[in-house]
Structure formats: structure tokens, C-alpha cells
2 protein chains.
Amino acid sequence: MAADTPKPDAFLAACPSRDVMARLGEKWTMLVLVALTPGAIRFGALHRRVEGVSQKMLSQTLRHLEEDGMVTRHVFDERPLKVEYKLTELGRSVLPLVDAIKRWSEENLAQIQAARDARG
Amino acid sequence: MAADTPKPDAFLAACPSRDVMARLGEKWTMLVLVALTPGAIRFGALHRRVEGVSQKMLSQTLRHLEEDGMVTRHVFDERPLKVEYKLTELGRSVLPLVDAIKRWSEENLAQIQAARDARG
DNA sequence: CGGGATCCAGGTGGATACTG
DNA sequence: CAGTATCCACCTGGATCCCG
């Protein structure tokens, strides 16, 4: 209960919250999180849903999310192998934020492209 | 007014909204946007506020944001030189989202570190 | 003061091949 | 099916120097 750590502030170079932001900013993290919205989903289905992600990167992204406590991994003892991923409570808490980023990117795409074009 | 472009969907590999998300995910973009919250701010002040960013990266980040229509640049004809940056309407519209990401990262840092530690 | 130009180390992430 | 391992091309971004 001790307040032994100061309030995190991402403006400070040494603040570990920067690592968290960096992780969220990694190439596939946000898309994978949003793809986990409907609930438990298999690796293959996820792979198909997030177009263009390689097996390696999907696997790595999921491992990172699992390490950070945002995703749980459940292996089913079946043949062929079946592995499902789902969001934890922590993962669900960030979902509205990354989903908002994704929707904003989609909804404002035209305006951004217009801004780029207006500049040549 | 023609609906000549399909609805953007970042799950699709070819969707340009991925570029927008990627840009927001670039190392300094979110922090710079949040740093612009109070209003017009000079390059040097921004440089001091976002600890650890190099001149090159701050400059590049601001140029990108300007290209995308999220920031405007205003040069004052003074000696020594004075340049101010401020958010556009588009920039202000994304601000709540990236600020939420920053605050979530700060507020859930302890829990994430705990998840990592619990794993060794 | 506010950058642009250059150089370069290191990291990111894709392709491919292999495994339980 | 669901990964891991390896190799490597590219890009990000930091350091440094220079300029209006």
C-alpha cells in the first residue's frame, strides 16, 4: 500500500509507461486486440481475420499480450491442435481505446488523404 | 459525393487506414499530440516537454502531423527564430483518444509489471 | 532558435523451412 | 493446426554537424 513509486508520467524519459505505449504501438498489437473483441478465437481464425500478419508476428504479438496480462492462451488437447486466445479483464479495459483509434483512423482517412494531396 | 471508395477497414491488408494507425503508433506521435493539448507551443518548449526526443525526431514527427492535417506550423519573423505548433480541428478530434491511451498506460502500468513479474 | 543533412547501429518484421 | 528457428532486408531513429 506504500506509495513507493511516483505517479507514472509518459512525458518523463525514464517512465516505464512508455514501454506500455510502445507495445500498444507495435505493428499488429491494436488490430489483434480488436480482433479479439468477439471472444475466444483460434490462432488460425485470428490469422485470417488480421490480413497480412505473418505467423511469426501474430505469435509474437500474442505472446507479448499474454506476458502483459491482456490475453490468455488456452490449449485444447485435440488432434489437430487447437489453441484459443481471449482477452483478460485488463485486455477488455484497453479495448475501447484501441478500437476507438482504429475507427478514428478509418473514419478520418479521407480527410487525411485530402490533407496530404493538398500538399502534393 | 460519389461513394467511389469502399468503407475503410483496417483488417484488410490493402486498407490505407493502416497507414494512419501506423503513423499514430510511431514512437513519438502520441506524446507530441498530447503535449500540444494546452495550445500553441514553441519547438523548444515541446522539445523540453517530451523528454528524450531528439531534435530530428521531433521535427520529423511534427512534419508528419502537419502533412496529415493534424497540426499547423506558424513561423514568427523574429530574432531569434520562433516557431509555434498547434492542433487543427482534426488533431483535436484525435486528442481524446491518444490521451486516453497515454493515461491508460500510466494507470495500468503497475498491473502490467505485476503480470510480467508473475511470469519471471 | 529551429531545424535540415548525413551517417550508421540496432531493432522490426517478413520469408522460409522445420516441428510437435 | 499452431507454432518455433533462422536468416536477413529494411527502416526507425539517435548522434553529430551544419545552416538561416
Side-chain angles (χ1 to χ4, degrees), chain A residues 10-14 16 18-33 35-36 40-68 71-86 119, chain B residues 10-15 18-33 35-36 40-68 71-86 119:
Chain A
F11 282 128
L12 306 179
R18 286 203 175 170
D19 299 341
V20 178
M21 291 184 71
R23 172 118 330 157
L24 291 174
E26 278 165 15
K27 187 163 184 178
W28 302 102
T29 302
M30 299 206 228
L31 283 180
V32 167
L33 283 172
L36 288 164
I41 181 174
R42 298 185 59 172
F43 185 90
L46 212 41
H47 195 189
R48 266 169 266 118
R49 181 94 179 97
V50 183
E51 278 194 6
V53 68
S54 65
Q55 280 198 334
K56 172 190 166 185
M57 289 314 298
L58 179 55
S59 174
Q60 180 180 116
T61 302
L62 287 167
R63 233 182 305 119
H64 286 166
L65 289 174
E66 198 190 357
E67 286 168 10
D68 288 356
V71 162
T72 54
R73 179 174 184 272
H74 191 282
V75 183
F76 293 83
D77 201 4
E78 303 178 6
R79 234 72 40 167
L81 200 52
K82 173 177 162 182
V83 181
E84 281 189 349
Y85 295 88
K86 55 185 282 232
R119 191 171 307 267
Chain B
F11 282 129
L12 306 179
C15 184
R18 286 203 175 170
D19 300 340
V20 178
M21 291 184 71
R23 173 120 327 158
L24 290 175
E26 279 166 14
K27 187 162 185 180
W28 301 103
T29 302
M30 299 206 227
L31 282 180
V32 167
L33 282 172
L36 288 165
I41 180 174
R42 298 186 58 173
F43 185 90
L46 212 42
H47 195 190
R48 266 169 267 117
R49 181 94 178 98
V50 183
E51 279 193 5
V53 67
S54 65
Q55 280 200 334
K56 172 189 166 184
M57 289 314 298
L58 179 55
S59 173
Q60 180 181 116
T61 301
L62 287 167
R63 233 183 304 118
H64 286 167
L65 290 175
E66 199 190 356
E67 286 169 10
D68 287 357
V71 162
T72 54
R73 179 174 185 271
H74 191 284
V75 183
F76 294 84
D77 201 4
E78 303 177 7
R79 233 72 40 168
L81 200 52
K82 173 177 163 183
V83 181
E84 281 188 351
Y85 295 88
K86 54 185 283 231
R119 190 171 308 266

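Lettering follows sequence order; numbering is per chain, from 1. What you see is a predicted model, and the numbers here were worked out from it, not measured in a lab.
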Q.
Classify B:Arg79 by what it touches in the nucleic acid, base, sugar-phosphate, or nothing, heavy-atom distance under 4.0 Å.
A. nothing
**Message:** Using a heavy-atom cut-off of 4.0 Å across all strands, would you classify B:Phe76 as base, sugar-phosphate, or nothing?
**Reply:** nothing
In whole angstroms, how far is the [atom2] atom of [N] from the [atom1] atom of [X]?
{"X": "B:Glu26", "N": "D:dC11", "atom1": "CD", "atom2": "C1'", "value": "11 Å"}
{"X": "A:Met57", "N": "D:dT6", "atom1": "CE", "atom2": "C1'", "value": "15 Å"}
{"X": "A:Lys82", "N": "D:dA2", "atom1": "NZ", "atom2": "P", "value": "9 Å"}
{"X": "A:His64", "N": "C:dG11", "atom1": "NE2", "atom2": "P", "value": "13 Å"}
{"X": "B:Asp77", "N": "C:dC1", "atom1": "CG", "atom2": "P", "value": "17 Å"}
{"X": "B:Leu81", "N": "C:dC1", "atom1": "CG", "atom2": "P", "value": "11 Å"}
{"X": "A:Glu66", "N": "D:dG3", "atom1": "CD", "atom2": "P", "value": "9 Å"}
{"X": "A:Arg48", "N": "D:dG3", "atom1": "CZ", "atom2": "P", "value": "13 Å"}

Taking every heavy atom of A:Ile41 against every heavy atom of A:Leu36, the minimum-distance pair comes out as CG2-CD2, 3.3 Å
Heavy atoms of A:Ala35 and A:Val50 approach each other most closely as CB-CG2, 3.9 Å
Tell me whether [X] contacts the main-chain N or O of [Y] through its side chain, where contact means a donor paired with an acceptor under 3.5 Å.
{"X": "A:Glu51", "Y": "B:Leu12", "answer": "no"}
{"X": "A:Thr61", "Y": "A:Met57", "answer": "yes"}
{"X": "B:Arg18", "Y": "B:Phe11", "answer": "yes"}

Between [X] and [N], does any side-chain N or O lie under 4.0 Å from OP1 or OP2?
{"X": "B:Arg63", "N": "C:dG3", "value": "no"}
{"X": "A:Ser59", "N": "D:dT4", "value": "yes"}
{"X": "A:Arg42", "N": "D:dC1", "value": "no"}

Of C:dG4, D:dG20, D:dA2, the nucleotide closest to the side chain of B:Gln55 is C:dG4
B:Ser54 has its side chain closest, among C:dG14, D:dG14, D:dC1, to D:dG14
Between A:Lys56 and B:Arg73, whichever has its closest DNA chain C nucleotide further toward 5' is B:Arg73
